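No experiment lies behind these values; they were computed from the predicted model shown. Below, each value reflects all heavy atoms present in this structure, side chains not excepted, and no hydrogens, waters or symmetry copies. A, B, ... follow the sequence lines: proteins, then strands. Residue 1 opens every chain.
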There are 2 protein chains.
Amino acid sequence: MKRVTIHDVAEAAGVSLATVDRVLNGRPGVRKTTIAKVKQAVDTLNYKPDVFAAGLAKKRTYRFHFLLPNGPNAFMEDLTREATSHAETMSGDRMHVHVEPIDAFDGHRVAGTLALLDHTVCDGVAVVAPAFPEVRAAIDRLQDRGVPVVTLVSDHPASNRRHFVGIDNVAAGRTAGRLLGRFLPRQPGKIAIVAGSLGLRDHAERYQGCREVIEQDYPHLDLLKVREGRDDNARNADLVARLLKENPELAGLYNIGAGNRGTISALSASGQAESVVVVGHELTPYTREALQADVFDAVIAQDPGHEIRSAIRVLKALCDGVPIIDGQERIGIDVFLKDNLPAVTDRPDSTE
Amino acid sequence: MKRVTIHDVAEAAGVSLATVDRVLNGRPGVRKTTIAKVKQAVDTLNYKPDVFAAGLAKKRTYRFHFLLPNGPNAFMEDLTREATSHAETMSGDRMHVHVEPIDAFDGHRVAGTLALLDHTVCDGVAVVAPAFPEVRAAIDRLQDRGVPVVTLVSDHPASNRRHFVGIDNVAAGRTAGRLLGRFLPRQPGKIAIVAGSLGLRDHAERYQGCREVIEQDYPHLDLLKVREGRDDNARNADLVARLLKENPELAGLYNIGAGNRGTISALSASGQAESVVVVGHELTPYTREALQADVFDAVIAQDPGHEIRSAIRVLKALCDGVPIIDGQERIGIDVFLKDNLPAVTDRPDSTE
DNA sequence: GGGAAAATGACTAACGTACCTCAAAATATC
DNA sequence: GATATTTTGAGGTACGTTAGTCATTTTCCC
């Protein structure tokens, strides 16, 4: 039951402490036969370095920057809240999480913010990457400077980001399409789609997924052309009101992006809320209430807390050069109906 | 940016190191005015103890026992696999997770296993608690001996367990009912329910939730009386085959417990698989395949990896006497359709 | 076999906290 | 005001690792 230390390893391998240290920490100047001896001893003794002692000795600190959109978006606010709250609780663990609001619609500003970072300021960056080429370039340059970058929520696959923390948006769109197809009766009907902008990668992918499923498995359903509301509540309210007026017999509605609040108010005002099957994204106080009031029928979501924690773990793993446990870092596509809503936690008000 | 240590706190408070230590670790013999001075200094300086140094110094080890059912059940196997895999990876963190298989159907044996534990052997216990009174008593006695106990997957609310790590099974049942109600056309139809045993708390709760929703919102659907297959594949296959023969026009089927493999094979064999809407529990290789083949229409699940990690975090928090972050420890009710299945991870074969 | 280079050993000082002892000072008790 | 008691200070050791330095040994090459 006693702990195996490097002393034991040294003894077992018949070498000195210094040599064991050289092997364990990959320092140069050790013959490979000796390396083998040490490694052999390590795993016959099943030596595991003491994380506490190691952490103390190398007095490493992890400084991470989180670049998160600052818009009036309940999901992003949740993400920011989770990040700042972790910034506090983990500061004892030699973690310094700095949250920096960015304007996700201004590619140059985001690229500029990224350009200011290097290893003197931080050891890792998580960014909700808008799909601008200058952002991709800034990510790549930052990594060339030795700072690992992970994308959060919205990926930028063309870049060299080391990891993406977020959901598979095509699959999310497919799920939305499946729910619409199955919730609606097997008869012709029209489905409206409201997105923020198809220029946003995640929105485009969700649309693609939804369309795939509807066209393949529910051909009796007719997808109206996508309306873009720029994730703005007022615009969405307007769009949805008009859609409902133009299509009094509308069967389904898929709100691909944010701006749920606008969509919900237009639906409620129209009096058609219950007859239209509506699927939205992200669990916020508004979508939650809409589900309970049968205005929304399903919500596809991703857990912001999981995403922040996962991003931190991944960045730490990248800094330490240890492998990432894929299974643990996979972010699930959550499906919420009115019946499986998580209990509310006490949170300050937010807008969307 | 430099780290605040107890030295700084001592200096700021105008007391000695020893006194700071006494206050911080709640040792006796300090005047309350002094305590106040120190605490004041602690939070003006925002002192946070260094977890690495503390961990090293108090060479604390956390020894946790996980008592998990050993039956041929893919979900429990996943749970066991996650637990043993964490036992390895966390052994460096002074965590010793011991997994002990139990026969969940033998209350006396489980109680006997619990009775053998005390603080000389382990610092915390997580148990998938079968609903026997002797198990409740054993849990309470174990806690009286100073070992915190959390229940896992299946709760025992009457006991004094400190926490329950698992899903709200009533809500899970409601979700299943909702999916059946919404996937089926709005016309009369029969729904069959196969459980392991209504004597199992989680199964009973799921049934209750499902019935609530169906009776309230989908009264045109007729719930057949529950068949109990004891989570056994052969029994389930038999039951389902008979159900399908007796009810050729069966509209829906809810498989409340394990034994999915039996249910699936009977459905496939009957040729009625596609016409019956089927909801099952837990994501296993079999239910996954059934979803993809349109034999199952939805699967309600809980993530075994999350549950194990949560149980470990909770037990550690209980040992350290620090508060539990509720939001982080809440286990979600996952809903899987064929479209939002997580990518498969490489795992050894399992049976169910 | 002699000299250079490479490999290894022996030691030490951190890192920040926990926990212990013993003495000194402050306060309480009569 | 003397004594008993409580409170505080000073100092040390231990925890297991990292990351050095410098001396010594081994190996290699001509």
Visitor: Taking DNA chain C as the partner, which of residues 22-40 of chain B come within under 4.0 angstrom of it by heavy atom?
Guide: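 Only B/Asn25, B/Arg27, B/Arg31 qualify.
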
Visitor: Do B/Gln302 side-chain atoms and B/Asp334 backbone N/O form a donor-acceptor pair below 3.5 Å?
Guide: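 No.
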
Visitor: If you assign B/Lys59 and B/Thr19 each to the DNA chain D nucleotide with the nearest heavy atom, which residue ends up on the more 5' nucleotide?
Guide: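 It is B/Thr19 whose nearest nucleotide is closer to the 5' end.
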
Visitor: Evaluate whether atom CD of A/Gln328 has more than 12 neighbouring non-hydrogen atoms of other residues, nucleotides or ligands under 6.0 angstrom away.
Guide: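 It does: A/Gln328 CD has more than 12 such atoms within range.
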
Visitor: Quick check against the 3.5 Å criterion: does B/Asn25 have a side-chain atom that pairs as donor or acceptor with the backbone of B/Arg22?
Guide: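 Answer holds: no.
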
Visitor: Salt-bridge test for B/Asp123 and B/Arg63: reply yes if a basic N is under 4.0 Å from a carboxylate O, no otherwise.
Guide: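 Salt bridge: yes.
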
Visitor: Is it true that B/Asp78 and B/Arg81 have a side-chain N and a carboxylate O under 4.0 angstrom from each other?
Guide: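 Between B/Arg81 and B/Asp78 there is a salt bridge, with a charged N closer than 4.0 Å to a carboxylate O.
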
Visitor: List the atom pairs, donor and acceptor, that lie under 3.5 Å between side-chain atoms in residues 33-44 of chain A and the rest of the protein, sequence neighbours left out.
Guide:
{"residue": "A/Thr44", "atom": "OG1", "partner": "A/Gln40", "partner atom": "O", "Å": "3.4"}
{"residue": "A/Thr44", "atom": "OG1", "partner": "A/Ala41", "partner atom": "O", "Å": "3.2"}

Visitor: Is the CZ atom of B/Arg27 crowded by more than 12 outside heavy atoms at less than 6.0 Å?
Guide: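 Yes - once you tally the heavy atoms of other residues, nucleotides and ligands closer than 6.0 Å, there are more than 12.
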
Visitor: By a strict heavy-atom criterion of less than 4.0 Å, which residues belonging to residues 5-12 of chain B are in contact with DNA chain C?
Guide: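 When residues 5-12 of chain B is checked for heavy atoms under 4.0 Å from DNA chain C, the hits, listed by number, are B/Thr5, B/Ile6, B/His7.
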
Visitor: By the 4.0 Å heavy-atom rule, please label B/Ala54 as base, sugar-phosphate, or nothing.
Guide: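 Contact class for B/Ala54: sugar-phosphate only.
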
Visitor: Taking atom CZ of B/Arg109 as the centre, report whether more than 12 heavy atoms of other residues, nucleotides or ligands fall under 6.0 Å from it.
Guide: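 Result for CZ/B/Arg109: open.
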
Visitor: Tell me the closest heavy-atom pair linking A/Ala129 and A/Thr151, and the distance in Å.
Guide: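 Closest approach of A/Ala129 to A/Thr151: CB-CG2, 4.0 Å.
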
Visitor: State which residues pass ring pair (Phe, Tyr, Trp, His ring centres under 6.0 Å) with B/His306; sequence neighbours excluded, sorted by chain then number.
Guide: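 So B/His306 forms a ring pair (Phe, Tyr, Trp, His ring centres under 6.0 Å) with A/His306.
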
Visitor: Quick one: do B/Asp155 and B/Arg161 make a salt bridge, cutoff under 4.0 Å?
Guide: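 Answer for the salt bridge query: yes.
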
Visitor: Are there over 12 heavy-atom neighbours, none belonging to B/Glu134, within less than 6.0 Å of that residue's CD?
Guide: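 Counting other residues, nucleotides and ligands, CD of B/Glu134 exceeds 12 neighbours.
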
Visitor: Answer whether the closest heavy-atom distance between the side chains of B/Phe66 and B/Leu79 falls below 4.5 Å.
Guide: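 Result no, sub-4.5 Å side-chain heavy-atom pair not found.
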
Visitor: What is the first contacted nucleotide of DNA chain C and what is the last, in 5' to 3' order, if contact means an atom lying under 4.0 angstrom from a heavy atom of chain B?
Guide: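 Result: C/dG16 to C/dT27.
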
Visitor: With heavy atoms of chain B within less than 4.0 Å as the criterion, where does contact along DNA chain D begin and end?
Guide: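 First and last nucleotides in contact are D/dT7 to D/dG16.
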
